[in-house]
Amino acid sequence: MKLLYFAWLREKTGVANEDASPPEHVITVADLIQWLVQRGGGYKTAFSDLSVVRVAVNQEYVALDHALAAGDEVAFFPPVTGG
Amino acid sequence: MKLLYFAWLREKTGVANEDASPPEHVITVADLIQWLVQRGGGYKTAFSDLSVVRVAVNQEYVALDHALAAGDEVAFFPPVTGG
Amino acid sequence: MIRVQQEDFNIGQEIDALTSGNTAIGGICTFTGTVRDMGSDRQVTAMTLEHYPGMTEKALAEIEAEAAARWPLSASLIVHRYGRLQPGDRIVLVITASAHRQAAFDACQFLMDWLKTKAPFWKKEEAEDGIQWVEARDSDDDAAARWKTDK
Amino acid sequence: MIRVQQEDFNIGQEIDALTSGNTAIGGICTFTGTVRDMGSDRQVTAMTLEHYPGMTEKALAEIEAEAAARWPLSASLIVHRYGRLQPGDRIVLVITASAHRQAAFDACQFLMDWLKTKAPFWKKEEAEDGIQWVEARDSDDDAAARWKTDK
């Protein structure tokens, strides 16, 4: 599973992208976030307020209860501010 | 009083502009039109359907009951179709 | 600013002249009207735009002033051509620039709607079956009516 | 057509490339977003636009396809820049061309509203009092919400 972080989520985690192999009990996006938060440090800070975190799986927006599959590209980023 | 005609009102009257001295009983735009219609010919045809005639006095849209003054510039034209 | 002219205009140059160097602008909306070959249901080969010199300039300046009063515009421009035009030719250009995107969009649309119903221009279309004056459309009146403030 | 690029664009050239020769077009609407020196209430000296390569192109193409499905467009273009920009610089360009004026206006506004809320770009502003990420605005969500078809 490939994880990507953008904008201040990238800055807070200190990671732009990483390969991750979450344990079997990680089914949904919410599970994945919980697993990342347990790493502590920047991850805990980055995910402290999920109301300002958006998630895309394979480049499509998804909700927190979206079920993940092996090989997914999961991106975390704040609400967009382009245009 | 200067009278101007545009688009098909110009074509039907056969006049682009003319100087006119209507009699004293011509008070409003409606009176002026009635006076012009009495000339017959192209004028009668041009003003046969007032729902498609617009009037500007001194380059401002006015209604048929607008009172005229000596020296006014009175323009007759169809609903506009620019843009 | 308003201009009534026979000559064509260059949209890019007009935008630059109107907005460049003004760093308070956040959005620029433009609308360009062009001659379609398919006018009122007939194949149009050319058209001629007649106008009322004097009143045209006055009407456009009034419309622009009203837009500037209703929206926070940094700059605006209306250019309207007259004379004989062919399919694909540009007829009219409206540019509105504002700090705010919605103001730029709304003012541009307001100006176009009012141009269509108030500015003294008349189109005469040439087609294979003859020449005729274009009739005003109710939809243009409806479009303009939505901006009435007394509703 | 969509493009995501670091380089600036020329509005006039983009309009010409997209529309010239197409005599079915009656109206062309464009919106250009530019960098304001007064961002979120602070004096901005520069900004950097980060994006999500891959998803950006996908999101823009989807948004454009939805506009083409909803309105009778003859042509459309979205160009969005990324990288470091300065006040007055162009950020985004949307062009919509249609036989009908209202369709061109509506589609252009729809595309801008969705770009603002869906396209994965993030702005970081540099000002005298420091550097900070721009926060999303509720007004942009409200603007996008009016196009929802299920309401």
Side-chain angles (χ1 to χ4, degrees), chain C residues 9-16 18-39 43-46 74 85-102 104-106 108-113 115-116 137 139-140 142-143 146, chain D residues 9-16 18-39 43-46 74 85-102 104-106 108-113 115-116 137 139-140 142-143 146:
Chain C
F9 47 81
N10 179 302
I11 306 172
Q13 281 174 16
E14 299 291 351
I15 295 174
D16 284 347
L18 191 70
T19 64
S20 69
N22 187 340
T23 53
I25 294 172
I28 303 160
C29 186
T30 78
F31 184 86
T32 309
T34 53
V35 182
R36 278 198 289 159
D37 55 11
M38 191 59 78
Q43 195 72 24
V44 174
T45 53
S74 303
L85 301 172
Q86 286 173 344
D89 283 354
R90 284 172 278 266
I91 304 171
V92 62
L93 171 67
V94 171
I95 307 178
T96 52
S98 174
H100 306 286
R101 151 171 122 264
Q102 194 60 47
F105 267 118
D106 286 348
C108 192
Q109 205 160 341
F110 165 85
L111 288 170
M112 277 308 303
D113 287 345
L115 270 176
K116 285 263 177 195
R137 299 183 312 165
S139 62
D140 287 329
D142 296 343
R146 66 186 151 166
Chain D
F9 48 79
N10 179 304
I11 306 172
Q13 281 174 17
E14 299 291 352
I15 295 174
D16 284 348
L18 191 70
T19 64
S20 70
N22 187 338
T23 52
I25 294 173
I28 304 160
C29 186
T30 78
F31 184 86
T32 308
T34 54
V35 181
R36 275 199 290 160
D37 55 10
M38 190 60 77
Q43 195 70 24
V44 174
T45 53
S74 304
L85 302 172
Q86 286 172 343
D89 283 354
R90 284 172 278 265
I91 304 172
V92 61
L93 171 67
V94 171
I95 306 177
T96 52
S98 173
H100 306 286
R101 149 171 124 263
Q102 193 60 49
F105 266 119
D106 286 348
C108 192
Q109 204 160 342
F110 166 84
L111 288 170
M112 276 307 304
D113 286 346
L115 269 175
K116 286 263 176 194
R137 298 182 313 164
S139 63
D140 287 330
D142 295 344
R146 66 186 150 166

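Lettering follows sequence order; numbering is per chain, from 1.
Of the listed residues (C:G33, C:G27, C:S20), the one with the most heavy-atom contacts under 4.5 Å to chain D is C:G27. Interface remark: of the candidates D:A24, D:P87, D:A99, D:A99 forms the most heavy-atom pairs closer than 4.5 Å to chain C. Top candidate by heavy-atom pairs under 4.5 Å with chain D, chosen from C:G26, C:G21, C:A143, is C:G26.
Using a 4.5 Å cut-off between heavy atoms, D:Q13 does not touch chain C at all. For C:Q102, the part sitting under 4.5 Å from any heavy atom of chain D is the side chain, from C-beta outward, and nothing else. When heavy atoms are compared at a cutoff of 4.5 Å, D:A97 does not approach chain C at all. With a 4.5 angstrom heavy-atom cutoff, D:I25 touches chain C via backbone and side-chain atoms both. Contact annotation for D:D16: only side-chain heavy atoms (C-beta onward) come within less than 4.5 Å of a heavy atom of chain C.
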Taking it one step at a time, do C:T34 and D:I28 satisfy side-chain contact (heavy atoms from CB on, under 4.5 Å)?
-> CA-CA 8 Å; C:T34 53; D:I28 304 160; 4.2 Å; yes

Stepwise, does the side-chain contact (heavy atoms from CB on, under 4.5 Å) test hold for C:R101 with D:D113?
-> CA-CA 9 Å; C:R101 151 171 122 264; D:D113 286 346; 2.9 Å; yes

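A pairwise comparison of heavy atoms in D:A104 and C:F31 identifies CB-CE1, 4.3 Å as the closest pair. C:Q109 and D:F105 get closest at one heavy-atom pair: CA-CZ, 3.6 Å.
In this structure, the separation between CD1 on D:I11 and CG on C:N10 is 11.0 Å, given to the nearest 0.5 Å.
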